[in-house]
There are 2 protein chains.
Amino acid sequence: MMDFQVSFKVNEKIYLRDPESTEIGKQIVKNAIDLIYELGFEHFTFKKLAIHISSTEATVYRYFENKHRLLLYILNWYWCYMEFLVDFKLQNITVKKDRLQIIVSLLTHGLPESTGQFDYNKKYLNHIVITESNKVYMVKEVAEINKDEVFKPYKDLCAKIASVIADYKPSYKFPRSLSSTLIETAQHQQFFKSYLPKLTDSPTGKENDFVYRFIADFLFRTLA
Amino acid sequence: MMDFQVSFKVNEKIYLRDPESTEIGKQIVKNAIDLIYELGFEHFTFKKLAIHISSTEATVYRYFENKHRLLLYILNWYWCYMEFLVDFKLQNITVKKDRLQIIVSLLTHGLPESTGQFDYNKKYLNHIVITESNKVYMVKEVAEINKDEVFKPYKDLCAKIASVIADYKPSYKFPRSLSSTLIETAQHQQFFKSYLPKLTDSPTGKENDFVYRFIADFLFRTLA
DNA sequence: TATATACAATAGTATTACTATCATAATAAA
DNA sequence: TTTATTATGATAGTAATACTATTGTATATA
């Protein structure tokens with residue numbers, strides 16, 4: 001599909017120094033994605049990241065206040081990119097049902113794999129979104145953090161999908177909640193399918209598109 | 001409602017020494033709930049808990065391998081209790097729609113407040129379930145941990161609700177996924193309603209039963 | 001050429017997440 | 001009742017984590 005480089009202006013309050021502005025800044029984010037994927041967020045530390053990129057802890061701390069902010073940066077990037085993809089893919093689609101199907105497909109299949117060796121590993125990024133994204137807002141400090149508007153990209157994505165829902169069925173009363181439920185459920189069912197399959201109806205073994213089918217099914221039943 | 005003491009045998013692999021077997025063990029769990037509520041799981045430590053109960057870190061470590069296992073214990077207790085409540089409340093209900101409504105009500109309203117000063121603070125416990133429960137399985141070690149069957153109570157609760165769904169509409173293809181989605185969505189929408197209301201359609205201000213209404217609505221539309 | 005900036009290198013602190021030892025108090029077995 | 005067992009408290013200690021601070025040097029900018 002697209003081969004041009006996409007970049008977004010992420011809310012300045014997330015970082016101390018813009019990681020996009022320097023080579024080492026970009027390395028920090030790219031390698032953080034690789035390491036968080038490999039270790040899981042709990043075992044990921046700035047020390048390990050610094051060693052991984054042959055730099056120092058102090059340097060990483062000049063870009064991000066702590067690892068929570070770095071994860072927040074990564075997820076902001078994802079949310080922005082996902083909203084961009086939704087826009088892009090819906091551009092010429094007028095059939096309202098198709099528009100919703102494309103959204104469900106994007107949410108359940110994640111970002112398309114990229115080839116460039118400088119951009120983020122999309123496979124890892126999708127995995128991080130699935131397993132770690134709850135951890136950026138399910139924290140004691142959520143109200144404080146929210147004041148900096150760092151969840152705006154998530155809210156925007158939610159609002160965009162909600163508007164497509166509302167356009168499909170104007171009388172439906174809960175477009176935003178349904179939208180956030182779609183986003184969250186897409187992630188959770190993918191996780192459950194892989195690790196706790198008893199919590200799903202995913203057929204075992206062969207490759208299937210179970211999460212897409214489940215979500216599309218319940219979305220169109222809900223909006224029938 | 002009930003005033004008798006409820007206790008469950010939680011999977012033995014979760015703890016090193018059964019906290020129900022001693023006075024200090026009970027204090028550990030009860031006060032852990034209070035402290036995790038107050039501090040959030042990330043800021044909760046065994047050291048702080050030990051000081052809180054005028055004991056020592058070493059004593060707490062004799063009961064639980066680490067704080068993750070203690071959280072797992074608390075959530076196991078919740079899942080067992082919730083399944084008990086579902087059974088109890090559905091006992092004499094034969095109308096299938098009523099059965100589902102009662103389940104949604106239980107999931108969205110949480111455990112009923114208790115009066116006894118020795119049992120767990122249900123308000124805090126509900127809050128922990130909402131904000132921390134993802135953290136017990138959304139970890140790198142999930143496959144390892146799952147081998148000990150410590151998520152069985154969650155799977156059992158999910159299966160029980162799935163069976164009520166299947167009984168309501170036998171032709172529905174995804175009863176388990178819908179069940180886990182109900183459980184997770186009930187928690188997430190409660191969280192969003194409180195902290196990130198833009199992700200919901202909850203009316204601001206006045207007390208309302210928004211989460212119940214949203215979930216009941218989409219459940220019965222899905223199963224229509 | 002002077003100046004500012006970014007980074008590496010290094011040091012250091014408080015806290016976290018444990019593990020280990022030992023004496024004593026409480027409890028159960030003989 | 002004596003003895004053996006076990007639980008706890010008190011204390012110590014370690015490695016890792018999550019930072020903060022300082023300094024020298026290379027590089028880019030004025």
Side-chain angles (χ1 to χ4, degrees), chain A residues 12-32 34-74 132 135-136 139-141 144-145, chain B residues 12-32 34-74 132 135-136 139-141 144-145:
Chain A
E12 292 185 6
K13 295 197 175 165
I14 295 178
Y15 50 75
L16 299 171
R17 172 173 304 166
D18 185 359
E20 280 297 304
S21 69
T22 65
E23 192 49 44
I24 202 160
K26 288 174 199 159
Q27 286 304 308
I28 286 171
V29 178
K30 179 178 165 32
N31 287 276
D34 298 348
L35 264 190
I36 293 173
Y37 170 80
E38 191 188 321
L39 304 172
F41 187 62
E42 284 74 22
H43 298 297
F44 167 80
T45 68
F46 277 6
K47 178 107 204 189
K48 288 172 185 168
L49 175 60
I51 291 169
H52 196 74
I53 59 174
S54 305
S55 180
T56 63
E57 250 184 302
T59 298
V60 181
Y61 273 106
R62 274 189 214 103
Y63 285 86
F64 294 99
E65 213 178 313
N66 52 49
K67 69 176 185 172
H68 182 271
R69 289 275 153 162
L70 175 46
L71 179 61
L72 192 55
Y73 180 91
I74 291 167
E132 320 290 7
K135 296 169 192 169
V136 301
V139 292
K140 192 73 189 175
E141 305 86 354
E144 276 294 310
I145 297 171
Chain B
E12 292 185 5
K13 295 197 173 164
I14 296 177
Y15 49 75
L16 298 171
R17 174 173 303 166
D18 185 1
E20 280 297 303
S21 69
T22 65
E23 191 50 44
I24 203 160
K26 289 174 199 158
Q27 286 304 309
I28 285 171
V29 178
K30 180 179 165 33
N31 287 275
D34 298 348
L35 263 189
I36 292 172
Y37 170 80
E38 190 188 320
L39 305 172
F41 187 62
E42 285 74 21
H43 298 297
F44 167 80
T45 69
F46 277 5
K47 178 105 204 188
K48 289 171 185 168
L49 175 59
I51 291 169
H52 196 75
I53 59 174
S54 307
S55 181
T56 62
E57 250 184 304
T59 297
V60 181
Y61 273 105
R62 276 186 209 107
Y63 285 86
F64 294 99
E65 215 177 312
N66 52 50
K67 70 176 185 172
H68 181 271
R69 289 275 153 161
L70 176 46
L71 179 60
L72 192 54
Y73 180 91
I74 291 167
E132 321 288 7
K135 296 168 192 171
V136 300
V139 291
K140 191 73 188 174
E141 306 86 356
E144 276 295 310
I145 298 171

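Reminder, nothing fancy here: chain letters follow the sequence lines and each chain counts from 1.
What separates CD1 of A:Ile24 from P of D:dA28 is a distance of 14 Å, to the nearest Å. Per the geometry, CD belonging to B:Gln27 stands 16 Å off C1' belonging to D:dA7, to the nearest Å. Atom pair B:Tyr15:OH and D:dA7:P shows a separation of 13 Å (rounding to whole Å applied). For the pair B:Asn66 CG and D:dA16 P, the interatomic distance rounds to 17 Å; values are reported in whole Å. Atom P of nucleotide D:dA15 and atom NE2 of A:His43 are separated by 20 Å, given to the nearest angstrom. Look at OH on A:Tyr63: it is 19 Å from P on D:dC19, rounded to the nearest Å. A:Lys26 places its NZ atom 15 Å from the C1' atom of C:dA6, with the value rounded to the nearest Å. One atom, CG of A:Leu71, and another, C1' of D:dA18, lie 16 Å apart when rounded to the nearest Å.
Here the side chains of A:Ile74 and A:Glu132 are not in contact, with every heavy-atom distance at 4.5 Å or above. Residues B:Leu71 and B:Phe44 have side chains not in contact (no heavy-atom distance under 4.5 Å, counting atoms from C-beta outward).
Using a 4.0 Å heavy-atom cutoff across all strands shown, A:Lys67 reaches sugar-phosphate atoms only and no base atom. As judged by a 4.0 angstrom heavy-atom cut-off over every strand, A:Arg62 is placed among the base-contacting residues.
Within the structure, every side-chain polar atom (N or O) of B:Ser55 is placed at least 4.0 Å from both OP1 and OP2 of D:dA10. Close to D:dT6, at under 4.0 Å from its OP1 or OP2, lies no side-chain N or O of B:Arg17. Side-chain N/O atoms of A:Lys48 include one lying less than 4.0 angstrom from OP1 or OP2 on D:dT17.
Both A:Tyr61 and B:Thr59 lie close to DNA chain D; mapped to their nearest nucleotides by heavy-atom distance, the more 5′-ward contact belongs to B:Thr59.
Counting only distance, with no hydrogens or angles, the side chain of B:Lys140 and the backbone of A:Phe41 share no donor-acceptor pair below 3.5 Å. Of the possible polar contacts, none joining the A:Lys135 side chain to the A:Glu42 backbone as a donor-acceptor pair under 3.5 Å is found.
Closest to the B:Thr56 side chain, of the nucleotides D:dA10, C:dT16, C:dA9, is D:dA10. Across C:dA17, C:dA20, D:dT22, the shortest atom-to-atom separation from the side chain of B:Glu57 is found for C:dA17.
In summary, of the residues considered (A:Thr45, A:Asn31, A:Leu49), a side-chain contact (heavy atoms from CB on, under 4.5 Å) with A:Val60 occurs for A:Leu49 alone.
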